[in-house]
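Notes follow once the structure below has been shown.
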Amino acid sequence: MTKKQNTFIFILVGTLVSVLMTLILIVVFWFLVALIFKNNESALSIGVSLSIIAALFLSMFIYQKLVIWAVGKFRLEDKLDPIFTKKTKKPKDY
């Protein structure tokens, strides 16, 4: 497989993991908000809205850390296109 194919599969699997992680976090946060604000409807609606935003940001943060960990742990720098790894600068020709 080429680097582009490996990168495509890595991004596809990462996207599926990210979406699943976001959905799980939303459900967990909704459950916590429902437990905390079960008697206050206005706070419950604000809490549900904030829990969605918090789940999105937290899942993006976890995804970023997970990608960095996976690339380093499994030494994927040479197997992927340099989307997630740092590109080295080529010297200028004078």
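The figures that follow rest on heavy atoms only: side chains count, while hydrogens, waters and symmetry mates do not.
- Distance CG/Leu80 to CD1/Ile11: 8.5 Å, rounded to 0.5 Å.
- Counting only heavy atoms from C-beta outward, the side chains of Leu76 and Lys79 approach each other to under 4.5 Å.
- For Leu56 against Ser59, the heavy-atom pair with the smallest separation is O-OG, 2.9 Å.
- In this structure, the side chain of Gln64 does not engage the main chain of Phe61 through any donor-acceptor pair within 3.5 Å.
- If you chain together hydrophobic residues whose side chains sit under 4.5 Å apart, Val17 and Phe74 fall into the same group.
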Show your reasoning for whether side chain to side chain contact (heavy atoms under 4.5 Å, CB included) applies to Phe29 and Ile52. CA-CA 8 Å; Phe29 287 165; Ile52 292 171; over 6 Å; no
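- To the nearest 0.5 angstrom, Tyr63 atom OH is 5.0 Å from Thr15 atom OG1.
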Where do Met21 and Leu58 land on the side chain to side chain contact (heavy atoms under 4.5 Å, CB included) test, with the steps shown first? CA-CA 9 Å; Met21 184 172 31; Leu58 185 60; over 6 Å; no
Run the side chain to side chain contact (heavy atoms under 4.5 Å, CB included) test on Leu44 and Lys38 for me, step by step, so that the C-alpha distance in whole Å, both residues' side-chain angles and the decisive distance to 0.1 Å come before the verdict.
CA-CA 7 Å; Leu44 181 67; Lys38 62 183 171 187; over 6 Å; no
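- Checked for salt-bridge contact, Lys3 and Asp81 miss the test: no charged N lies under 4.0 Å from a carboxylate O.
- Nearest heavy-atom pair, Ser51 versus Val33, reported as atom, atom and distance to 0.1 Å: CB-CG2, 4.2 Å.
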Decide yes or no on side chain to side chain contact (heavy atoms under 4.5 Å, CB included) for Phe37 and Val48, but give the supporting numbers first.
CA-CA 10 Å; Phe37 299 116; Val48 166; over 6 Å; no
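- Leu32 and Val27 fall into different hydrophobic clusters, where Ile, Leu, Val, Met, Phe, Trp and Tyr residues are linked whenever their side-chain heavy atoms come under 4.5 Å apart, directly or through other members.
- By the criterion of side-chain heavy atoms lying less than 4.5 angstrom apart, applied directly or through intervening Ile, Leu, Val, Met, Phe, Trp or Tyr residues, Ile36 is grouped together with Trp30 in one hydrophobic cluster.
- Shown here is Gln5, whose CD atom has more than 12 heavy atoms of other residues, nucleotides or ligands within 6.0 Å.
- The closest donor-acceptor contact from the side chain of Ser18 to the backbone of Gly14 lies at 3.5 Å or more, if one exists at all.
- In this structure, Trp69 and Leu66 have side chains that are in contact, with non-hydrogen atoms separated by less than 4.5 Å.
- Side-chain atoms of Val71 and Phe10, non-hydrogen and from C-beta on, do get closer than 4.5 Å to each other.
- No path of Ile, Leu, Val, Met, Phe, Trp and Tyr side chains, each step under 4.5 Å between heavy atoms, connects Leu20 with Met60, placing them in separate hydrophobic clusters.
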